[in-house]
Amino acid sequence: VREIPLRYLVLETDCPYLSPEPFRGQRNSSLRLPLVIEAIAGLRGISPGEVEKATQENAERIFGRTFRNM
């Protein structure tokens with residue numbers, strides 16, 4: 001995550017039984033994506049807003065549609 005350019009990162013919740021801490025062991029949900037965003041931002045030394053903006057733009061580019069903030 002530190003070395004991959006942000007333009008290649010997308011976020012998803014396809015691991016229903018691999019929730020981020022502190023919810024490990026519970027069913028995963030897209031409501032937990034902010035925790036993933038925070039972790040990525042911390043590893044990269046950037047703001048969570050930068051991660052959110054980049055990953056949303058990437059998803060929109062890949063899937064050819066606009067996604068609202070969740």
Side-chain angles (χ1 to χ4, degrees):
V1 170
R2 285 184 188 114
E3 297 178 17
I4 297 170
L6 274 179
R7 69 181 179 271
Y8 296 127
L9 292 180
V10 292
L11 304 178
E12 53 87 20
T13 56
D14 197 31
C15 294
Y17 300 104
L18 189 57
S19 285
E21 293 293 342
F23 299 100
R24 193 62 47 100
Q26 298 176 23
R27 188 159 176 89
N28 202 5
S29 152
S30 59
L31 297 173
R32 301 208 171 115
L33 284 176
L35 296 170
V36 176
I37 290 170
E38 290 280 342
I40 292 170
L43 288 169
R44 296 181 69 98
I46 60 176
S47 76
E50 290 177 79
V51 175
E52 183 177 0
K53 182 178 185 290
T55 55
Q56 182 171 339
E57 289 172 353
N58 295 341
E60 291 172 353
R61 186 178 66 251
I62 291 167
F63 295 108
R65 60 176 283 216
T66 300
F67 295 94
R68 284 194 236 149
N69 291 336
M70 300 185 184

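Hydrogens, waters and symmetry mates are skipped; everything else that's a heavy atom, side chains included, is used.
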Visitor: Which pairs with one or both residues in residues 32-48 pass side chain to side chain donor-acceptor pair (under 3.5 Å), sequence neighbours excluded?
Guide: Ser19-Arg32, Gln26-Arg32, Ser47-Glu50

Visitor: In Å, rounded to the nearest 0.5 Å, how long is the span from CZ of Phe23 to CG of Asn28?
Guide: 10.0 Å

Visitor: Name every donor-acceptor pair, under 3.5 Å, that has one atom in a side chain of residues 2-11 and the other anywhere in the protein, sequence neighbours excluded.
Guide:
none

Visitor: When rounded to the nearest 0.5 angstrom, what is the spacing between CD1 in Ile40 and CG in Leu35?
Guide: 11.0 Å

Visitor: Between Gln56 and Glu52, is any side-chain donor less than 3.5 angstrom from a side-chain acceptor?
Guide: no

Visitor: Same cluster or not: Leu18 versus Val36, using hydrophobic residues (I, L, V, M, F, W, Y) connected whenever any side-chain heavy atoms lie under 4.5 Å apart?
Guide: no

Visitor: Do NZ/NE/NH1/NH2 and the carboxylate oxygens of Lys53 and Glu57 come within less than 4.0 Å?
Guide: yes

Visitor: Sequence neighbours left out, what passes side chain to side chain contact (heavy atoms under 4.5 Å, CB included) with Phe63? Give chain and number order.
Guide: Ala59, Arg65, Phe67

